[in-house]
Each structure stands twice: as C-alpha cells, then as structure tokens.
Amino acid sequence: MKSTVKSTCCYCGVGCGILIETENDQITGVRGDPEHPANYGRLCTKGATLNQTASLTYRLLSPQKVLRSTGKRSQISWESALDEAASKFAETIRKHGPDSVAFYISGQLMTEDYYVFNKLAKGLIGTNNVDTNSRLCMSSAVAGYKQTLGADAPPCSYSDIAQAEVIFIAGANPAVAHPIIFRLIEDAKAANPALKIIVADPRRSESAEIADLHLPIKPGSDIALFNGMLHVLIEEGLIDQAYIDAHTTGFVNLAAIVKDYPPAKAAEICGIETTDLLQAARWFGRSKAALSLYCQGLNQSAHGTHNNAGIIHLHLATGQIGKPGAGPFSLTGQPNAMGGREVGGLSNLLSAHRDLANPEHRAEMADFWGVPFVPATAGKSAVDLFKCLKTGEIKAVWIACTNPAQSLPNQAAVREALQAADYVVLQETYANTDTADYADLLLPATGWGEKHGTVTNSERCISRVLPAVTPPGEARHDWQIVIDFARLLGKKLNHAAADRLFAYNDAEAIFNEHRESTRGRDLDITGLSYALLEKAGPQQWPYPIGAESGKVRLYEDGVFPTADGKARFVAIEHLATADSILPDTPISLLSGRLRDHWHGMSRTGTIPRLFNLEDEPLLGMHPCDMRHRSLDSGDLVKVSNGRGEITVRVAEQAGLKRGRAWMPMHWGSQFMNSPGVNALACDATDPYSKQPELKHAAVQIAKLDLPYPLAIIRVCPDQQSALELMQRAREALPRFAYATLNLYGRSSPLVVFRAATAEAISPELLEQMDILFGLDGEEGAMLFADASRRVSKKAISAEGRLLGVRLAGETLAQSWLKKAMAEDELAASLMRFALAPTAKPPVSIAPRNIICKCADVSDVQINQALAAGADLPQLQGKFKCGTFCGSCVPEIKRLVSEHNQQEMAIA
C-alpha cells in the first residue's frame, strides 16, 4: 500500500516541509512539500536524499546493556533497561543529591520530547542540570536577543529576504549551511539587481561569491566591525534618532564607546580596507530595508553574546526592525533548536521564555507543574557539565539524540569525562556513534520518518510532524522513554506525584500542556492545536487564542518585551579570540560545514553520493602558508595545539587569507583515526551564553613524513553491504599513523580506505586488509609488485567488471579509479591501467560534470536523454533534476537549448 505523509526535514533550522512517500510501511522517496511556507517544495541535497537514510544497518533496534571495559553489548528488555536506569539514578540522587545527575539532550528532538525532559529534571528530580547541544550553536543568539530586545524571539521572517534592499550576512554561510535560504537570496538578487549583499567572513565562503562586498575580517573581530560601522552611521547622520529616543535605552553610553572605533582603527583591527568598512556602513545606513542574517560565526565565540548585540545595535540605531525587509535574523542551526528554547531547554531557562534566575518565573512554573519548587541554582551548561563528569561532581548522565564524543570542543577532555562517569545512558537512533562507545546502557529511539510531534524553525514557524512508518524493532518515541523512566524513578524515590506529573497518553497531551504554559507570554500559542496545524499548515508564533494567524514580523509597534517596553543598547568592546596566535601556534584554524553533510554524519554518512563533493577530511590552507612549510596539496600534516592533535591531508584552498586554515567539523572517529577538528577546538565559553568558541583555535601545522601510502577501493553490490563493510573496516583505522574511511559512488557504492605509514606496510598487514575488503584469493586477480620500491598492488575483477583495488606504496591512480569504478566505466580492456602508476585516466573515460547536485544528475546523463528525445519535463520526471532546490534549472535549460540548436542545425 502506497501513501504520502507530511513531515519536515531533520537537518538545519530552515524547517523545510517534506512529503514522505511510503509503500508497505517502508520509506521509498521524498519530495519537497509545495505547500510548506519554509521551502515551497524546494529541498537541498541532504533533504533530497533523506529516504536513502532509512537503512536499518546502523540502527539501534533494542535496549542494550554494555560492559564498558570490553565494549560487549547484551540485548535486554525495555523493562529491565528502564529499571536499571531508574535504580542507578535513584541511588545516585539519594547518595549525592539531585545535582549529581544530568541530562544532555538535542535540538533534533521534538518540542514535546524537550518539554518532558525539562519537567523530569527541573520538576521531578529537582536539578537544573539539563542542557542541550543547542548550547553549542544557538545560546549566544538567545542571550543576544534577550540582552537587547528583551526576549529570545527572532523578529523576522523568510519573506523579508525578498523585500530587503541590503542583506548583511555575518558569520554565516547559508549557501552551504542553509541552502534553501540561499536560494531565496539568489531569487531576491535576480528580482532586484540593485539589492546589495555584504558578507563578513574570515574566509571567502561560497556565500561570498554572490556578494557585492566581502569583508574578510580577522577571526574574533566582529564587534570591532559592528562598532566601526555604528561610528560611521552616527558621524554621517545615518541613524534614526527619533526611533532611538522613543524605543530604546542605553544609546548614549554605547555612542561614547564607539567614538573610539573610527573607520581606520576599526578596519585595522578587522584586517580589512577602510573603504570597505565605510561602504558597508553606508549601504546599511542609507537602505530603507536592511536585513542581517547571522549564525555560528557570531555565536561560537567567547564573546558571542556581544557579537550578536553588536549586529542588533545597527538595526536599533537605524530603526531597521519591525518593518518589511529589515531586522536582525539569527539563522537556527538545528531543526528544533527553537522548540527547545521555547520549553526552557537550556540549564538557565524555564518554559515559555521564563528565566531561571527570576524568582517569580520559578514560582510560576512550580505552581503550573504542581511541585513544591523549582531549584534556583542554574544547572551546568554543556562544557561545564562534562567537566563536572570528569571531576565526579556529576556522577550519572543521560544523553539523548546527540553525539558529544564528536561535537563538543576539546575532545580529549570530553572523552575522559565520559570514561570517568559512573553511569552513562545513551538514548539514540544509531548504534555506532562515537558516544555509544562510552555508554553503559543504550536505549533505541525513533528517528526521522517515525516521529510525531511539533518543531519550530528559524522564523518561529511551528510545523506538525507526522510519522510515515512504524518504528523498527523495539524503538520508542523519546517522550515515551522519558515518561516511563520518570514514573519508575518517582516510585524508587518515593515521589508520589510522579504518576500525576507524567500522566500523558500521547504527544498531543504534552503539546497541550506546553501550550498552556505560554499563555500571556511573548510566544503565546494558546490559539494553536494539533488539529489546526494539520488543517491549516505551519503557523508562526505568537498565535494567542482568538488569533486568525501568527505574526509574520515582531516589534512593528516599537514595543519590546522589557520592563519599560524599550530595546536596549549594550556597552560592548572588541575582545580578541580566546586562543591567541603565538609563535608555537601561528595559524588560526576555522571550522564549518560542508553542503552535503550534517553534524557528525551519523545519518548523511550512510549515503555514498553525499561524499562525492569531498570524500575525505581535508585541511584547507593558503598557498603561502603551504610554501613556508614545504607543503604541496595532498601532503599529510600534523595539526596540533595544547588540547590535541590530528593527522590530515592538506589542500590549497581559494578564499583563505594567509595565517588562516579551514576544516569541516563533520569528520570524527567514524571516518578517520582521530576525533577530527574538535580535538583541537577551544572550550573557552562566553560569560553570558556559556557557548564555547568552536569556530576558532590557534594551531601549529607541520609536515609529516609518512612516505608509504595505502589506498583500497571496493565496489559493493548495494548500500547495505557498503555500510556493513564500513563498520567492519573501522576497526582498522587505529592501526595506521594516518587513516580515513569513506563512502563514494553513484551507480555503484564504493568504500574507500586511505592510510599512510612511516615504514612499508608488512605483507601480513596487507593480507589482513585484503581479507577485510574481500580482495583475498587469486580468482580474477591482477598483481603488481616492485620489491625495490616496496610497492604492492592488487586488483580483483569478475565478469569484465573491476570490483576492488588495493594500492600500497604508490597510489597515483586512486582518484580517477574511484570515479571510474563508481560509474562502472572501466572497460575490461582498460583494467590493466588500474595498477599503472599514473594519475591520469585512460583517454576513453569521458569527464562528467554534476549538473543537479540534489538528484546527483550529470551532464552526460542529461545529454544522453536529450539525444533519445527527452524534453525538460521528461528530464525532470526521469531524473528529478531541477525539482529539489531549483538552482540547476537554468543550467538544464541551457543544455536543452544547446541540444535543440544542434538538432536544428543538422536539420
């Protein structure tokens, strides 16, 4: 039986609507929801391949007890698992008090899941030790909004992008991190060529390619930039003094500070041209509608709150807020980080934007929940929570839907903390995350396509999420797990109220209670219900009872949710990065996202073609920095600082200034023999938001002498067999000084293993690797050996098809071989080239360009279909090209036009 179910994407905070296609309770396809206001049918490469992540290969399908000393896992019943967890937590609480336990949860949970986790900790147990991975991405945005505007409420909507006259992108790369937002920016530029786009980023990012002005500021100099721009706005009379006087406070104090940031001085601090700073300020100030878009580049800083305040100041000073096309718009990093913020998902917050530090707010929630009190002491934020695990202040931790053994900074310390913990529960969809190696108990949770509840995106839009398929195995919804645990824990702690506190029959009952907690608050959603969301579609908050729609734009009346109704200017000064550039650590290491991957790749890392753009960890460097270290692209380097070190391949990267390097944050121990860039990342935190400075670390980069390379490429019959081989091969990663393991492929999935050693690899180890990758035996084998050069190569074929290659000692052919094997393009007569010492493919292998990245469709496929008589609609029907994000449609039309012209010329 076939069906289609409305849901949302589980990646970034854009909150795209998705139609999930199913047949016989299996997910078979996805399409963008043409009715969803976040994307109107568009999807990025990640969203367009969500159906391909429905494999059960890595799924956690039953509760498992883990013997940490050996890693051995034993399947147990849900009853036994929850009883053990409740007993351990109850015993710990009785012996050491409520603050000896903690919960670390995720921006990928449903709002309902988030709500019961918070009620469990703050209402039942009596600890505020519940924090979330949103602390790593959005807490500075929360604190910045609260310090200036009075509440954590993004005032803008996606529709403002089309109405803006200036778009100022600061510390964000939406072309990669929020592709559907970037499509809206491209649309706006096409519709209004006069639109000015300014991008402030230490790296010339993909988003900067569309910019009219790129400001390559020094890492950590955002406040100097914003103060310098405000200085220009004041000096040149580009501020709205009437708006400032009527609707803000604190401007005089800030104006006195920014007098010390004249353009030349501010530009010098930022490392940019004075003329560029002046141009940015003038475009912003002279515009009738200036819109700022910002994200982790501002947030992930030891002064991230003031970075946020600095950009908001520009809007308050010019009155560019609460009007079409204008305002400070923080782009959310995760699909439901906003929903978590709404229910108080951070250790210093309470439900409905209440502050834990406010006695009245604590009393309101205690009364609402029917508990004696909510504890006054703020809980431990993410970084401090794991530090307290290491010291023993926190004994037991419950981790849900997140992977701190990959995502937190200073990975050595985090992993030591997990190892030191008395008891670790991991509530997860996947069984093979890095954090799973440190768990005592694994609890299987539902994943994308199986959940139900609500999520809120960057523009305050709440979507109803419906399940498309039955949860596999024994997986349960996150809220169900929490409720069952809470009731059991309550009995063991003799809390008679536990059953009453968690008397929910379904997710809707949780939503209704959360909804009531918002009554009269700035995010009042008392007018919403599951029924309304299912009938009318997603809605923005506030949506109080009696409303006919949510608010598209906040603060249109100039009234803010502060005691006096006025927004606040905050006294902010430039501060350097937490890590200083010193002779021993002379390079600024920046980190960020790849277009086709997400966080630690537990989901996207299961799809071969999502590796095709970049299929191994690479450190991007400026050519001068490379020459200074005698480096060429492809060389191996050690990147190190006092927190850790990693070995990685280096590549020259356009867009980087000298003294800066860049590496994606996704790669971890599942794909390389180190925790990745977060082994080096700085764990210094912002004093207000407690968000760590993940975006910048000072490092040393040194060339490594590992002259003996190894490359293994293995064709697999299908995705499942590729994933199974990947899991087996991960055990080999620690055996080499350098090693990476990745997928690749299009028509055929490949597993690619790369390694390098200081000495030639022994025949015994090569034989073990051959067995591991199914390259042992002599049938269909081609061999080459040069003992003098310590080169050993082997290829396996069957029925005229190359199935696998192992190159040791010399690996020049790996790049073209990988592409040819993925397309099954290597004719039998050309297989001998597989062992040839050449980086150039045989001339008969035609190059191909991927035209549609979302559907992974090449120009070769399109031209072949055109030659067979296809037109544009038929191309889109057959290949789905141009039906996801839409950015490739002009290129497809060009190919169609060229083909038609050629046909006419022949005729």
Side-chain angles (χ1 to χ4, degrees), residues 7-18 32-33 36-39 42-47 50 105-111 113-114 132-142 144-145 152-161 169-185 207 291-300 304 308 327-343 345-346 401-402 407 448 451 453-463 465 523 538-541 592-593 595 597-599 603-604 665 691 694 885:
S7 186
T8 59
C9 183
C10 64
Y11 294 124
C12 76
V14 176
C16 293
I18 283 183
D33 184 349
H36 198 289
N39 58 316
R42 287 173 160 175
L43 290 176
C44 71
T45 54
K46 296 184 289 293
L50 266 169
I105 56 179
S106 168
Q108 292 184 289
L109 294 170
M110 300 287 105
T111 300
D113 306 327
Y114 249 125
T132 165
N133 62 7
S134 298
R135 180 73 67 180
L136 308 183
C137 61
M138 300 312 301
S139 58
S140 288
V142 173
Y145 275 140
D152 175 24
C156 310
S157 293
Y158 299 152
S159 59
D160 286 313
I161 294 171
I169 302 171
N173 187 15
V176 164
H178 300 89
I180 301 307
I181 295 294
F182 196 68
R183 298 287 87 79
L184 296 178
I185 297 171
S207 298
L291 179 69
S292 294
L293 303 174
Y294 50 97
C295 197
Q296 312 301 7
L298 297 192
N299 297 342
Q300 291 179 336
N308 277 258
F329 198 172
S330 165
L331 299 177
T332 315
Q334 296 190 83
N336 199 32
M338 279 293 292
R341 289 146 64 176
E342 293 161 11
V343 301
L346 296 171
C401 198
T402 186
S407 59
W448 174 85
K451 292 179 177 291
T454 55
V455 295
T456 309
N457 70 3
S458 295
E459 63 169 355
R460 297 171 283 105
C461 192
I462 299 174
S463 295
V465 176
L523 70 165
Q539 302 295 324
Q540 288 178 281
W541 60 254
R593 298 181 187 272
R595 184 199 67 200
H597 283 296
W598 175 253
H599 284 198
R603 183 179 292 277
T604 57
M665 48 79 81
Q691 183 163 353
L694 278 159
C885 77

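The shown structure was predicted, so the numbers you read here are calculated from the model rather than taken from an experiment.
The closest side-chain donor-acceptor pair between S330 and N308, if any, does not fall under 3.5 angstrom. Inspection of the N133 and Q334 side chains reveals an N or O donor paired with an N or O acceptor under 3.5 Å. The closest side-chain donor-acceptor pair between T132 and Y114 falls under 3.5 angstrom. At a cut-off of 3.5 Å, with distance as the only test, a side-chain donor of S463 or H36 sits close to an acceptor on the other residue. A side-chain donor from one of S458 and T332 sits under 3.5 Å from a side-chain acceptor of the other.
A donor-acceptor pair is defined here as one N or O able to donate and one able to accept, closer than 3.5 Å; such a pair exists between the side chain of W448 and the backbone of T8. Checked by atom type and distance alone, the side chain of Q540 pairs as donor or acceptor with a backbone atom of E459 at under 3.5 Å. With hydrogens and angles disregarded, a donor-acceptor distance shorter than 3.5 Å links the side chain of T111 to the backbone of T454. Between the side chain of S207 and the main chain of A175, a donor-acceptor pair closer than 3.5 Å is present. Distance alone, capped at 3.5 Å, is enough to place a donor-acceptor pair between the S106 side chain and the C401 backbone. Panel note: side chain R135, backbone Q691; no donor-acceptor pair is recorded below 3.5 Å. For the pair Q300 (side chain) and L136 (backbone), a donor-acceptor distance under 3.5 Å is present. Within the 3.5 Å criterion, the main-chain N or O of M138 finds no donor-acceptor partner in the side chain of N299.
Nearest heavy-atom pair across P174 and I185 is CG-CD1, 4.2 Å. Residues P538 and P37 come closest through the heavy atom pair CG-CD, 3.8 Å. The two residues I180 and C885 make their nearest non-hydrogen contact at CD1-CB, 4.0 Å. For S134 against G107, the heavy-atom pair with the smallest separation is OG-CA, 3.8 Å. Pairing each heavy atom of R603 with each of C10, the nearest pair is NE-SG, 3.7 Å. The nearest pair of heavy atoms linking R460 to P155 is NH2-O, 3.9 Å.
Within the 4.5 Å cutoff, side-chain heavy atoms of L43 are placed close to those of I18. Residues W541 and T456 form a side-chain contact, since some pair of their non-hydrogen atoms from C-beta on lies under 4.5 Å apart. V14 is not listed as a side-chain neighbour of C9, based on a closest heavy-atom distance of 4.5 Å or more.
Here the CD1-OG1 distance, from I105 to T402, works out to 10.0 Å after rounding to the nearest 0.5 Å. Distance check: I181 CD1 to I161 CD1 gives 4.5 Å after rounding to the nearest 0.5 Å. Note that CG of N39 and OH of Y158 are 9.5 Å apart. Values are rounded to the nearest 0.5 Å. Considering OH of Y294 and OG of S140, their distance stands at 11.0 Å, rounded to 0.5 Å. Taking OH of Y11 as the start and OG1 of T45 as the end, the distance is 9.0 Å to the nearest 0.5 Å. Atom SG of C12 and atom NZ of K46 lie 6.5 Å apart (nearest 0.5 Å).
For R595, the salt bridge (Lys or Arg N to Asp or Glu O under 4.0 Å) test picks out no residue, with sequence neighbours left out.
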If you apply the rule side-chain contact (heavy atoms from CB on, under 4.5 Å), what do you find for M110 with V455, and how did you get there? CA-CA 6 Å; M110 300 287 105; V455 295; 3.6 Å; yes
Check the pair M665, S407 against side-chain contact (heavy atoms from CB on, under 4.5 Å), reporting the backbone distance first and the verdict last.
CA-CA 8 Å; M665 48 79 81; S407 59; over 6 Å; no
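Sorted by first then second residue, the salt bridge (Lys or Arg N to Asp or Glu O under 4.0 Å) pairs that include residues 328-342, not counting sequence neighbours, are D152-R341.
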